[in-house]
Amino acid sequence: MSFKDVFEINQIRCEIAFRKTVKHWASEAKLFGVSCPHCNSLNFKKYSVEKGKQRYICQECKRRFNERQSFECSCVVPGKRTVCHTCPRFQEFLKTLRKHIDELRELNIQELQILSEQEVLDSKVEV
């Protein structure tokens, strides 16, 4: 198998996996940084101020943490903006994408091409 063939197989595999993963991508906005970083509880209160930074204590796990920067993820297409690379949702997206790529590793080029054509037809039908 030539380098070109391997590249083509990997390209088809990645396109199929990307389409599958984007299908399940929820485009609703999600807020990050407003929960306990240890247990994700929203049940916390102010604890103290240390070196000019607000500290909090979680009422669930009793751990303390500093004030965290919060941000909202409202990406329609994951990975298009530079801030995506630090977003927890994008990291979840990448894990799912890798899982889909690994599932397709056993297929040969003909099977991948057929699957790719089906994915393209399915996406046209949904529009």
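Given the structure is predicted, the values throughout are model-derived calculations rather than measurements.
How far CZ of R63 is from SG of C36: 7.5 Å, rounded to the nearest 0.5 Å. Taking CD of E15 as the start and CD of Q11 as the end, the distance is 5.0 Å to the nearest 0.5 Å. The distance from the CG atom of N66 to the CD atom of E50 is 7.0 Å, given to the nearest 0.5 Å. The distance from the CZ atom of F90 to the NZ atom of K95 is 13.0 Å, given to the nearest 0.5 Å. Interatomic distance, E106 CD to R13 CZ, rounded to the nearest 0.5 Å: 9.0 Å.
In this structure, K46 and Y56 have side chains that are in contact, with non-hydrogen atoms separated by less than 4.5 Å. Annotation: side chain of F18 is not in contact with side chain of I101 (no heavy-atom distance under 4.5 Å). Contact check for R19 versus S116: side-chain heavy atoms found under the 4.5 Å cut-off. Taking 4.5 Å as the limit, some side-chain heavy atom of E8 sits within range of a side-chain heavy atom of Q113.
Nearest heavy atoms, I16 versus L112: CD1-O, 3.3 Å. Here the closest heavy-atom approach between residue S35 and residue L42 is recorded as CB-CD2, 3.7 Å. Among all heavy-atom pairs drawn from H38 and R64, the shortest one is NE2-O, 3.8 Å. Contact detail for H100 and T21: the closest heavy-atom pair is CD2-OG1, 3.1 Å. In plain terms, the two heavy atoms of S48 and Q54 that are nearest each other are O-NE2, 3.1 Å.
By the 4.0 Å N-to-carboxylate-O rule, R105 lies close enough to D102 to be salt-bridged with it.
Residue-environment remark: CZ (R55) exceeds the threshold of 12 foreign heavy atoms within 6.0 Å.
Remark: the backbone N or O of I114 is not paired with any side-chain donor or acceptor of E117 at under 3.5 angstrom.
At a threshold of 4.5 Å between side-chain heavy atoms, the hydrophobic network of Ile, Leu, Val, Met, Phe, Trp and Tyr places I57 and F65 in two separate groups.
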